[in-house]
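Beneath this line is the structure, given in structure tokens, with notes to follow.
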2 protein chains.
Amino acid sequence: MPSSTVENYLKQILLITLEREEKVVPMGLISESLDVTPGTATSMAKNLEKEGWLCYEPRRGVSLKPAGRKLGLNILRRHRLLETFLVETLGLDWSEIHEEAEELEHAISEKVLERLDDFLGRPRHDPHGHPIPTKGGVMQRKKSRSLVGCKEGLSVVIESIDDQERNFLKFARSRHLLPGKKIKILSREEEADAMEIRVEGKMPFSIGFEAARKILVSV
Amino acid sequence: MPSSTVENYLKQILLITLEREEKVVPMGLISESLDVTPGTATSMAKNLEKEGWLCYEPRRGVSLKPAGRKLGLNILRRHRLLETFLVETLGLDWSEIHEEAEELEHAISEKVLERLDDFLGRPRHDPHGHPIPTKGGVMQRKKSRSLVGCKEGLSVVIESIDDQERNFLKFARSRHLLPGKKIKILSREEEADAMEIRVEGKMPFSIGFEAARKILVSV
DNA sequence: GTTTTCATTTTGAGTGTTCAAAATATAGGG
DNA sequence: CCCTATATTTTGAACACTCAAAATGAAAAC
């Protein structure tokens, strides 16, 4: 039975793999995202290789083997289902569910997870708009673009919010930047690193490129 | 923040303290109930003392300090609320919830726990009939007697089932031995170590003293 | 008052995970 | 081609928890 440390490494490596669309993940990204020193990530990578979860190529990085990918997806499923439960059923705030799910995902059994899935009505997306992998380990990956790349005048629908940071999520909710909402890009100011947008039915406001980058949309 | 190991030790020590109605808990009972070697229990007791949870008197045992008692009660609260949730909301079987709750109790935050408590309607007893400590750390202790000590002809109500063992719980449920059920003692056979009982509305059957001991009742 | 028995403690070691700091590769710029 | 900046690896140590097995203490049996 893999420890929660192992589970965290594999989940994070999976997320980085998907994000970069690149099989090999350099050690730096791992140590940074898990907040451990580089040396720790290296020694852990060797352990994970010995246990068959991934391949470790010195000075290049790691790449998930099928077993590691499967476990990573499974943890992601747990995480996202739990987040959904915390918001839908217990009414927790969008901005505080990540840390909670981070703990619970390692403690919940397969059996309880499936019951929870039933109870929630087998949702396909979590509250952030991220897809929930199926029990079989399948996760549909739609190529969504970031708000930051959208031209003036365009109307788009928010697909997901790609940041777990508390304060950013609070901001997003306060401006009604939620999955499913329609928004229009009123103007772009290249020099000011900002754009002006309007969420349907709300007041227009401006948002910096850095923040807009975290908002994924579909046309 | 106490580790789940610490939490487990304190919860178990609390349970033994309550059961024996004796402040000092000998090391043997601890190592047995947590399934660790005696040496491990001793060295852990020293750590727990250093951290202020309890007093350790060599060759006598440990006794909880207020902090340890409080944390123990808190873990017990988590455990029993989670068991209730697993049965009431997710429909898990009575006999399988103990192990599940055993894991989750260390991962759930205070905040989520209180939301869960609200969601469940602030139950006072878990599915086994055990009292759930309040948020403030109060647990009412009714002196209930065991079925094994009941005389022939007596009618009693089941208060709780004092065993977490899967197979025993399965047996109990199959015979409708559940908290709240009324039962009548039809006869006692001292020599046979068994008694014949009838659950209200069901067929009579006999139960050994060993099993009857685990069933707590009120007159 | 010895001896036996049983519970408990000590000792020495191992596992998994982590860090800080020193050593080493690799890629790019001069 | 060398030199520097950066990413990565190695080393040595620590922490929390665990075990097996030997040593000790205290109570019970003789």
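Here is the naming used below: chain letters follow the sequence lines, and residue numbers restart at 1 for every chain.
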Is there a donor in the side chain of [X] and an acceptor in the side chain of [Y], or the other way round, less than 3.5 Å apart?
X: B/H130; Y: B/E83; result: no
X: A/E165; Y: A/H98; result: no
X: B/H106; Y: B/N8; result: yes
X: A/S206; Y: A/E196; result: no

Integer-rounded Å distance: [N] [atom2] and [X] [atom1]:
X: B/Y56; N: C/dT10; atom1: OH; atom2: P; value: 6 Å
X: A/E57; N: C/dA25; atom1: CD; atom2: P; value: 18 Å
X: B/L48; N: D/dC17; atom1: CG; atom2: C1'; value: 12 Å
X: B/R59; N: C/dT5; atom1: CZ; atom2: C1'; value: 14 Å

message: Quick check on contacts: within residues 5-20 of chain A, what sits under 4.0 Å from DNA chain C by heavy-atom distance?
response: A/T5, A/Y9

- prompt: Taking DNA chain C as the partner, which of residues 28-47 of chain B come within under 4.0 angstrom of it by heavy atom?
  reply: B/G28, B/P38, B/G39, B/T42, B/K46

message: Parallel, tilted or perpendicular, judged at 30° and 60°: which one describes the rings of A/F119 and B/F119?
response: perpendicular

query: Nearest 0.5 Å, what's the CD1-CD1 distance between A/I185 and A/I207?
result: 10.5 Å

task: Might you work through the salt bridge (Lys or Arg N to Asp or Glu O under 4.0 Å) test for B/K214 and B/D162, ending with a clear yes or no?
output: CA-CA 5 Å; B/K214 303 172 184 171; B/D162 248 11; over 6 Å; no

message: Please check this pair: side chain of B/Q12 against backbone of B/L34, looking for a donor-acceptor N/O pair closer than 3.5 Å.
response: no

